[in-house]
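Just below is one structure, and these are the notes that go with it.
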Amino acid sequence: MNSPVLDAARTAVLVIDMQNDFVEEGAPLEFPEGRRVIPAIQRVLDAARRRDMPVIHAAHVHRPGGADMGVHRELYPPVAAGEALVDGERGAEIHPGLAPLPGEPVVKKHRYNAFYATDLEIILRGLGVETVVLTGMTTECCVLGTARGALERGFRSVVLSDACASCDYPDLGAGPMSAGEMHLAALRVMSLTSSRLSGTDEFLSLLP
């Protein structure tokens, strides 16, 4: 990060898709790497809440019956089968370790980008936010998609590299990638095209 201090009054923390269906052991869409970043996100949330910074949670959900799934139905069999990310069910809720406090908005989204077809932009504008701090998962899908969405709407974004996580990718025609490799690749793309990168310690040190 280049700024010597962060304007906390115009900065919001966004926690992306840290839901039971992704994070819990044995969940239908389990990403073990997501559990490993919970402590880092908790530190960020604690610091933001102490300073009365806006905290917003994004949750990927679909209606029972799947009218809003679109192509996601073809990409994720547990979602298509109604076994994961069903709005109103426990699996779609934010993981208890990162549970929203009263008054913290939960933005329900149906695509990777948390701005797409949601009221996230309206909330941020209403709060006077200029910079969003991105945490959560996965780095290459919903974090990257939301970083791009922020850029296109005139918001700055800071991606906390050790508070985001990816997953292992099988060979689907272009070769396999480990979670670590995918995470780094996505960070490199965002650092060039949309966002500033920071570690959690560095970010916390810049808060007033």
Side-chain angles (χ1 to χ4, degrees), residues 10-23 27-29 31 34 41 45 48 53-95 98-160 163-167 182 186 189-190 193-195:
R10 296 188 176 278
T11 301
V13 172
L14 183 59
V15 182
I16 300 173
D17 291 3
M18 294 299 290
Q19 297 160 255
N20 293 321
D21 276 342
F22 289 126
V23 176
L29 295 171
F31 296 142
I41 299 175
L45 291 180
M53 294 170 62
V55 172
I56 301 169
H57 304 259
H60 192 126
V61 302
H62 293 289
R63 290 175 174 81
D68 52 19
M69 285 183 188
V71 179
H72 283 268
R73 187 188 305 275
E74 302 170 17
L75 297 173
Y76 305 102
V79 174
E83 299 170 353
L85 305 183
V86 179
D87 194 14
E89 296 192 2
R90 182 183 175 280
E93 295 176 358
I94 307 300
H95 187 273
L98 300 170
L101 296 185
E104 293 180 352
V106 178
V107 174
K108 294 182 179 182
K109 64 188 184 68
H110 311 301
R111 299 295 184 266
Y112 299 140
N113 176 2
F115 285 94
Y116 180 76
T118 72
D119 58 356
L120 177 57
E121 180 176 2
I122 293 174
I123 293 170
L124 294 175
R125 301 282 184 209
L127 294 170
V129 169
E130 296 178 354
T131 300
V132 288
V133 178
L134 304 183
T135 69
M137 59 189 295
T138 62
T139 318
E140 72 285 356
C141 284
C142 296
V143 176
L144 188 152
T146 300
R148 190 69 52 82
L151 173 77
E152 292 166 350
R153 290 161 179 81
F155 294 100
R156 299 179 180 88
S157 65
V158 178
V159 176
L160 301 188
C164 297
S166 185
C167 60
M182 183 61 73
V189 170
M190 288 187 282
T193 63
S194 65
S195 312

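Counting heavy-atom neighbours within 6.0 Å of Arg156 CZ, excluding the residue itself, gives a total of 12 or less.
Of all heavy-atom pairs spanning Arg111 and Met69, the tightest one is NH1-O, 3.5 Å. In this structure, Ala150 and Val132 approach most closely via the heavy-atom pair CB-CG2, 4.1 Å. Residues Val129 and Pro54 approach most closely at CG2-CG, 4.2 Å, considering heavy atoms. Closest approach of Asp17 to Phe22, counting heavy atoms only: O-CD1, 3.2 Å. Residues Thr138 and Ser166 share a closest heavy-atom pair of CB-CA, 4.2 Å. When every heavy atom of Asn113 is checked against every heavy atom of Gly149, the shortest pair comes out as ND2-CA, 3.7 Å.
The shortest side-chain heavy-atom distance between Leu124 and Phe115 falls under the 4.5 Å cut-off. Residues Arg153 and Arg125 have side chains in contact (heavy-atom distance under 4.5 Å, counting atoms from C-beta outward). Using a 4.5 Å heavy-atom threshold, the side chains of Leu14 and Leu120 count as touching. Contact of the Asp119 side chain with the Val107 side chain is registered, since non-hydrogen atoms from C-beta on lie closer than 4.5 Å. Contact check for Ile123 versus Thr118: no side-chain heavy atoms found under the 4.5 Å cut-off. Taking the side chain as every heavy atom from C-beta outward, Arg148 and Thr193 approach each other to under 4.5 Å. For the pair Leu85 and Gln19, the minimum side-chain heavy-atom distance is below 4.5 Å.
Atom CE of Met137 is separated from atom CD1 of Ile16 by 11.0 Å, given to the nearest 0.5 angstrom. Distance check: Leu101 CG to His57 NE2 gives 7.0 Å after rounding to the nearest 0.5 Å. The distance from the CG atom of Leu45 to the CG atom of Leu98 is 6.0 Å, given to the nearest 0.5 Å. In this structure, SG in Cys164 is found 10.5 Å from CD in Glu140, a value given to the nearest 0.5 Å. In this structure, OG1 on Thr139 lies 11.0 Å from CG on Leu160, to the nearest 0.5 angstrom.
The backbone N or O of Val61 sits less than 3.5 Å from a side-chain atom of His110, completing a donor-acceptor pair.
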Chi angles and distances behind the side-chain contact (heavy atoms from CB on, under 4.5 Å) call for Thr146, Leu134: CA-CA 8 Å; Thr146 300; Leu134 304 183; 4.2 Å; yes
Test log, rule side-chain contact (heavy atoms from CB on, under 4.5 Å), inputs Val106 and Glu93: CA-CA 10 Å; Val106 178; Glu93 295 176 358; over 6 Å; no
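In this structure, the side chain to side chain contact (heavy atoms under 4.5 Å, CB included) partners of Ser194, at least two apart in sequence or on a different chain, are Ala147, Leu151, Met190. Not a single salt bridge (Lys or Arg N to Asp or Glu O under 4.0 Å) links Asp21 to another residue, sequence neighbours left out.
Applying the ring-ring contact (aromatic ring centres under 6.0 Å, His included) test to every pair with at least one member in residues 64-84, sequence neighbours left out, gives these pairs: His60-His72, His62-His72, His72-Tyr76, His72-Tyr112.
Just one of Lys108, Lys109, Arg73, Arg63 meets the side chain to side chain contact (heavy atoms under 4.5 Å, CB included) condition when paired with Asp68; it is Arg63.
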